[in-house]
Each structure stands twice: as structure tokens, then as C-alpha cells.
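Keep in mind that this is a model prediction, so the values were computed, not measured.
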Number of protein chains: 2
Amino acid sequence: MNKKELFYKLVSFTAAVHRVTNELTKNAKPDSISQVQYNILEFIAVNQPVTPSEINDCQNMSMSNTSRELSKLSEKKLIEKMIDSKDRRKQYVRLSQNGEVAMKEAFAVIETRFLNRIQNASKEDLIEIELAIDTLHKKLFHP
Amino acid sequence: MNKKELFYKLVSFTAAVHRVTNELTKNAKPDSISQVQYNILEFIAVNQPVTPSEINDCQNMSMSNTSRELSKLSEKKLIEKMIDSKDRRKQYVRLSQNGEVAMKEAFAVIETRFLNRIQNASKEDLIEIELAIDTLHKKLFHP
DNA sequence: CCTCTTAATTATCATTTGATAACTAAATTG
DNA sequence: CAATTTAGTTATCAAATGATAATTAAGAGG
């Protein structure tokens, strides 16, 4: 197994991850927000508090567009912004109470589908899956 | 480790996969096509030949929009369509020669970045990574 | 203080995308 | 053979997105 083969394996694997993620999250987001907005919201949920700059970097957006989408999320009362007291140019973004509720609901839908997907997995399978996730997260998909 | 914890681990993991995929594929696609078109092209590259219907299902698009995007890719000479001789309603889509070249170039960029990402991994790490990918692909991210 | 850089905002415009409906042509079914 | 279903196309329209440029405000460094 050389690195080139590993690369092709990775391509096929990430394609599968994307497909399954699509399937699990299909229609799970609140109707009031777009897909891009949901992606941002999920990123905030997992990493909060985050700065708008971090959102650009990770979501591969331009600053201006991130700013626009954050404004929309803010208007919809799903997030809150706080200015950094040390560097007043910076902001910290987190979910508002409404945002937490909305994400909790979305995650509940996704979790149900996930449980359905692994319903036939044995205890040993689950342990193996967990270890594999840890390995890949640490050794390949680290920040 | 219960299933709920595993679910949260999965959420954080898939977020990491998406972030790294973003990073690896950033600007790797030909300038002449959109992100959605690139996604379709990559799907075709990995699974060809595919039917338009399969593309909808996996990319979570509607038939009409898939059809439009395939027409654009066809105009750009990146794909070819062939009618199934047995069922003349069906089509098989594959990369054209130009499409193969374009994807080969894109994959070369992505592979370089991937190699860079794993440059510090030991032989043992790589074996572990490969096994972990196989496990997850088979037990969690299967079709 | 003055200049430069960083973080974020606002405005604008072309393009892409998603959604819907109406349509063609080829199977399938009964 | 008529009716229905399946696979895909085409047209259209509103909304979302990407790209760019100009602007504000706050640090950082000399």
C-alpha cells in the first residue's frame, strides 16, 4: 500500500462521507435558513465561540460574504455577536438561545437517522467504529 | 461509550472531514466550472459510468437541475452521454477525454496537498489510517 | 503621531442554484 | 393497444451565492 493508493482510497472515502452526511442531514435544517447558513450554524455549534475570520477560513468563504450571512443569522435571532474586550476589532460569535434550540432539533433528526443506520452494528462494531473515528480524526483530519 | 456519545463524535468528525476536504480541494477545480459541476464531475470520475438519476440521488439534486448541469458539462466537452441500448430512456454518463485530463489535473493538486498533510506520518500511522478508513467505509459510510 | 495592517461591514452586480411546471419519448402493464 | 410509469429535457423565475470594491474602526510599529 503506497501513498498513491491511500490517496485514492481517501477520495472514495470522503465521497462516501459526503454522501452519507447528505443523507443524514437532508431536510434536517430549519426551513428559514439556507444550506450555507446551516453549515455556518453547525460550525458555530461545534466550535463556539468562533470569530468571523475563522468561519471564512473553515467554510472557504470571503469575509464579505461571511459577514452578510452572519447578519442574516443574527436578524433571525439564531446567533449572537460579542466584541472581544482586548481587541475591539474582533468578534466572538455563538448560538443564541433560539439557535441552540434550532440546532438541538436539527441534531435530533440527524441522530435518529444515524441510530437507524447503525442499528445492526454489534457492540464490537461500535467499538471498532469509535476507535477508527478517533484514529482518523487525530492522524488525518486534524486541524 | 453509548450511541449518543458516538453520535456527537461523528458530528465533530464529519465536520473535520469537510473542513479538510475543503482545504485540499480549494481552487483545485478548473476555473471554467462551478462547485456543483465539480462535485458532479468528481462523482462521475469515481463511479463512472453513472446515470443522471444516480447523480440526483447521490448529490441530492432534482432531475431538472441535474439535467441542466450535465448539459453545461457536455457543452464544455468534459463529459459524454451514451444511450443504453437496452432501455433507450436511460443514459450513461462518463468523462470525456478532456474530462479525464481535467480531473487528473485536479486530483494531482489535491494529492500533493494530501501528501503534504501526511508527510510526518510514520509507516505504522499510514497502516493504521488505511485500516481505519476501511473500517469506517464498510461499517458506517456504506451506501 | 503617522502609516500600515487587520477585522469586519456595506453595497453592488453577475452567476449559480433551487424549485416548479409542462413536455417528450420510451418502457411497462393490464 | 391504451393507460401508466419511468427517464430525462426544457423553460422560467426567485433566491442564494460569489466576487469585487469602497469604507470604517481598531491595533501595531516606527
Consider the side chain of B:Arg89, meaning its heavy atoms from C-beta on, and name the nucleotide among D:dA7, D:dT9, D:dT20 that approaches it most closely. D:dA7
What's the CG-P distance between A:Asn56 and D:dA19, to the nearest Å? 13 Å
More than 12 heavy atoms of other residues, nucleotides or ligands under 6.0 Å from CD of A:Gln97: is that the case? no
Quick check: any donor-acceptor pair below 3.5 Å linking the side-chain of B:Asn65 to the base of C:dA19? yes
Base, sugar-phosphate, or nothing for A:Ser34, non-hydrogen atoms under 4.0 angstrom? sugar-phosphate
Given that A:Lys90 and A:Ser64 both sit by DNA chain C, which one's nearest nucleotide is further toward the 5' end? A:Lys90
Can you tell me how far the NZ atom of A:Lys29 sits from the CG atom of A:Asp31, to the nearest 0.5 Å? 6.0 Å
Of A:Lys86 and A:Lys72, the one whose closest nucleotide on DNA chain D sits nearer the 5' end is A:Lys72
Base D:dG8 paired with B:Arg88 side chain (donor-acceptor, <3.5 Å): no
Hey, is B:Glu23 close enough to B:Arg113 for a salt bridge, meaning N to O under 4.0 Å? no
May I ask you to verify whether the side chain of B:Arg68 and the base of D:dG8 hold a donor-acceptor pair under 3.5 Å? no
A:Arg89 and A:Asp87 ion-paired at < 4.0 Å: yes
I want to verify a distance call: between C:dT10, D:dT10, C:dA25, whose nearest atom is closest to the A:Ser71 side chain? C:dT10
